[in-house]
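I have a structure I would like to understand better, so I am pasting it below and will then ask my questions one at a time.
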Amino acid sequence: MTCSISQSTPLPRSRPSLLARLHAVVALRRQRRALASLSDTQLKDIGLSRAEVDAEARRKPWDAPHHWQG
C-alpha cells in the first residue's frame, strides 16, 4: 500500500466582515475604558502605571497591536 502526502499551499486568510470588525472596535473601546476605571492599587497589582493606562485609553480604535486582533 502506497501513501502519498502532497504539499498544499495555505489558504489566504479572509478578511473579517464589517460586523466582526465593528464588534472588535466596540470590545476594544470597552476594554480600554474598563482599564482606565481601575484604581491605582489595582493597576499596581497588574504592573501598570496610571500614565501607561492613560496613554492606552487615548489610543484610536484602529491602533491596536496585531496580536490582539484575531
Side-chain angles (χ1 to χ4, degrees):
M1 174 174 225
T2 304
C3 179
S4 84
I5 299 174
S6 64
Q7 292 284 340
S8 63
T9 58
L11 295 174
R13 291 181 68 177
S14 62
R15 292 181 57 139
S17 69
L18 180 59
L19 185 59
R21 286 185 279 170
L22 180 60
H23 183 267
V25 167
V26 170
L28 181 60
R29 183 170 185 255
R30 186 180 309 122
Q31 292 167 16
R32 286 179 172 161
R33 289 180 73 184
L35 184 63
S37 72
L38 295 177
S39 70
D40 289 337
T41 303
Q42 291 169 317
L43 293 176
K44 184 179 176 185
D45 285 345
I46 61 174
L48 295 174
S49 69
R50 177 61 58 192
E52 291 170 316
V53 170
D54 289 343
E56 182 65 33
R58 285 192 305 271
R59 291 174 74 175
K60 302 295 182 195
W62 55 84
D63 185 15
H66 291 289
H67 65 274
W68 286 7
Q69 301 166 7

Identify every side-chain donor-acceptor pair in residues 44-53 under 3.5 Å, counting partners at least two apart or on other chains, and give the distances.
residue, atom, partner, partner atom, Å
Ser49, OG, Glu52, N, 3.1
Ser49, OG, Glu52, OE1, 3.3
Arg50, NE, Asp40, OD1, 3.0
Arg50, NH1, Ala36, O, 3.1
Arg50, NH2, Leu38, O, 2.6
Arg50, NH2, Asp40, OD1, 3.1
Glu52, OE1, Ser49, N, 2.7

key: Spacing of CZ belonging to Arg32 relative to CZ belonging to Arg29, to within rounding of 0.5 Å   = 11.0 Å

request  = Using side chain to side chain donor-acceptor pair (under 3.5 Å) as the criterion, list what pairs up with Ser39, not counting sequence neighbours.
outcome  =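 Testing Ser39 for side chain to side chain donor-acceptor pair (under 3.5 Å), a comparison that skips the adjacent residues, returns Gln42.
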
message = Between Asp54 and Arg58, does the side chain to side chain contact (heavy atoms under 4.5 Å, CB included) criterion hold? Intermediate values first, please.
response = CA-CA 6 Å; Asp54 289 343; Arg58 285 192 305 271; 3.6 Å; yes

inquiry  = Measuring from atom CD of Glu56 to atom CG of Leu28, what distance do you get when rounded to the nearest 0.5 angstrom?
reply    =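 Separation between the atoms: 7.0 Å.
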
